[in-house]
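Here is the structure we will look at.
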Amino acid sequence: MKQVILAAHFPGVNNQTVWSDPASGSQIDFASFAHLARTAERGRFDFFFLADGQRLREQRGRIHDLDVVGRPDSLTVLSALAAVTTHLGLAGTVNATFNEPYELARKLASLDHLSGGRAGWNVVTSSDAFTGENFRRGGYLDHSQRYERAEEFVRTVRELWDSWAAEDLVADPATGTFAAAGAGAFAHRGAHFDIGGHFTVPRSPQRHPLTIQAGDSEGGREFAAATADAIFSRHGRPEEGRAFYRDIKARVAAHGRDPGSLKILPGATFALGDTDAEAQENADHIRRQQVSPQTAILLLEQLWNRDLSAYDPEGPLPEIDPDVSEESIIKGRTRMSRDPLKTAAEWRALAEAKKLGIRDLVIEVTGRQSFIGSPARVAEEINESVQSDAADGFILVPHLTPTGLDEFVDKVVPLLQERGVLRAEYGTTTLRGHLGLEGDV
Amino acid sequence: MSAAPLHLAVALDGAGWHPAAWRDPAATPKTLFTAAYWAGLVAEAEHGLLDFVTIEDSLALQTTRLDGADGRTDQVRGRFDAVLVASRVAPLTRRIGLVPTVTTTHTEPFHVASALSTLDYVSAGRAGWRVQISGRRAEAAHFGRRDIPELRPDSFDRPESVRLIQELFDEAADAVEVVRRLWDSWEDDAVIRDVATGRFVDRDKLHHIDFEGPRFSVRGPSIVPRPPQGQPPVTALAHSRIPYEFAARSTDVVHVTPHDGEQARAVVREIRGLAPGPLKVLADLVVFLGQDAGERRARLDGLDGAVHASDAAIFAGTPEQLADLLLDWRRAGLDGFRLRPAVLPADLSAITRGLVPELRRRGVFRRAYEAATLRGHLGLPRPAGRYAGSRR
């Protein structure tokens, strides 16, 4: 039986985060991060996962104000979490577009040492001139260039990680040799990076911290298949999950890699209850908290690409069509649909058929929890998804900070452990070890 | 305590500041690249109730040459990212300030601001920033984005070298300005969690910083809410006029390197004359402490094959003698000292367990932490946000 890989996503910045719940705590105090990470480690999760942002979102020229907008620097928080956990992997998103390989390779290798081999990097890129306004690098790259640069970026970072051989750190007072001659020497010449010199971090415990990739386009899938150790996917439902899984594993094999060397981890949400009916009630309650009346209008605006602030959240959908011009009222996040006119027509038909106002329609169409049910049902569905190759595991996104994982760890984790598909104790100390990727570097 | 308290920091670097420190019998060279090593050092510094530790860093391998690797295998080579080291030890300590070194020459001010804000959060108000520039061509080659001429001993005073140094410090001043604006870009009470209106933040309390400079422009606001200290203290090491001007204009704490009390007086007078506001001036000293300090120093010099020289004065003697020297130099107007232990952890322990009790006996050093933040230790007030009250 396949082991279920589990990661815990810190519920950060978006409308999945329920901040209005009385149980919701700080999204920025370190105590919140420590609580979630310790809970994940108590549940014997593989890793903790932190997303990232480099510019506050704007809509209609105003800073988004309806959900959590502030977050800490990923790698800095992860390094602190290394002090309050012992086994849990620590993975963070870092944008390759607005960083340089030397500096980022150093930070990731440092984190790998400081955590004893638990570092992971979710490689994202940006084509966003809006975000670029916060950086020297400024500008942006078009879509094809993004992955080309990202691929060279990852390759360069790995060259830097390899610039110290395992035996280069000698530190022998008897012979007076601290480091081997030539330790850290590197030279990389490519289309995007032409750099050379000496790297400052000796070989880290994992040698190559785990790399995770999240892009879903053709370019993104190829990039992941060629280089990544894990994919953070959006395809959590069984049928589309299996199709994505088959596609990616075939691409991995086509790159001459063992298909098992890339783990497919959809993001997933959950709602629990003592009974399935109670869980469904909880799920509905969470969705209504996630989509406030104001959030409903704002989410609708993201499809319509128009100012809809005059509309009643409980009233009918706009009769006016979406604005499909290139001009976007949303900054810092992608448009909701590739074909807004078609999607709007579908939404209107659905609202008509089910007699839904704007808010209820938005709740209906913008997603439901991936797993809803009693702990037994949720454990069964997670395991079934993994055993049927819809996924290798899941990156769980709780809706509450910092206690959103408590109930899952208390009630679902023991059932997965009983089935023998989730470790009862850590058998390894590194993130690669947990994922069975130890020999891959 | 008599008059103002004496501020005392230690500078942590590798196995200590003597190039052969790692070969001292008391050193633990095989542990340098572990979290436990750094956690132990910072805990020891906190045991001594020191104001803060600085953590050295650079985006190039250590070298004895002015520019480029020297190929030596008999000295410590390699180091971690200093911000991540500081963050790693923050949850294991409670009071001591944590001041990593971060260069402004090849980094993004937006990233630097975010990382240091985050360090301030994970340490509950104990972060600082030691600003550094790099004029090394070898370091620039690690980034491949700008060309810097090679530094040579005979080139320092040439006009083009002076221009380059000025340019790098001007860039540093811009970077500090951007970072401080980003720290202020969220007002302290921007998070409102107003369920009635559905708003998590009051967007009127978030501010674009709109910095425009010759080298970079940054729009803002920060991605991180205003850090606990408002603005973590900014420090810099300065040896001459251009860095003095930078430190006086851009930092809260300046580390200087006089070699005697007279020089200390001159340096303090020069810097205070340049500073528009309050600025803490701390003198750096490399220290070998103990009855055998002189012998240890000679033995390490022998192992390294050279008499150790430093930008800072080198002291070798007993804690009592060092206390005498510090109190003598302090009369020059210094606010305190940043000691560089020659061998770690031995000379650090001698500071915390020998020097500190001696200074206490003389009534010039704290017996308990009286504040919870680094600003608090330094007696620096928490700054109001510059945008508070203004509307976007």
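Residue numbers start from 1 in every chain, and the chains themselves are labelled A, B, ... in the order their sequence lines are given, proteins ahead of strands.
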query: Can you name the nearest heavy-atom pair linking A:T76 to B:L119, along with the distance?
result: CG2-N, 3.9 Å
B:Y121 vs A:P72 side-chain heavy atoms within contact, under 4.5 Å: no
field: A:T177 and B:D74, any side-chain heavy atoms less than 4.5 Å apart
entry: no
task: Answer yes or no: is there a side-chain heavy-atom contact under 4.5 Å between A:R55 and B:R219?
output: yes
- request: Evaluate the side-chain proximity of A:Q27 to B:F200: yes if any heavy-atom separation is below 4.5 Å, no if none is.
  value: yes
query: Within a strict 4.5 Å, meaning less than it, do heavy atoms of the B:F143 and A:E103 side chains meet?
result: yes
- request: Considering only NZ, NE, NH1 and NH2 on the basic side and carboxylate oxygens on the acidic side, decide whether A:R62 and B:D204 come within less than 4.0 Å.
  value: no
message: Run the side chain to side chain donor-acceptor pair (under 3.5 Å) test against B:T63 and tell me which residues pass, sequence neighbours left out.
response: none
message: Is any side-chain heavy atom of A:R106 closer than 4.5 Å to one of B:R79?
response: yes
- request: May I ask you to say whether B:E171 pairs ionically with A:R136, meaning some side-chain N is under 4.0 Å from a carboxylate O?
  value: yes
query: What are the residues of residues 106-114 of chain B, in order of number, with any heavy atom under 4.5 angstrom from a heavy atom of chain A?
result: B:H106, B:T107, B:E108, B:P109, B:F110, B:H111, B:S114
field: Enclosure of B:R94 CZ (heavy-atom neighbours >12, cutoff 6.0 Å)
entry: no
- prompt: Aromatic rings B:H142 and A:Y102: how do their planes relate, parallel, tilted or perpendicular, breaks at 30° and 60°?
  reply: parallel
field: B:L32 side chain near A:F178 side chain, heavy-atom distance below 4.5 Å
entry: yes
- prompt: Are any non-hydrogen side-chain atoms of A:F30 and B:T118 less than 4.5 angstrom apart?
  reply: no
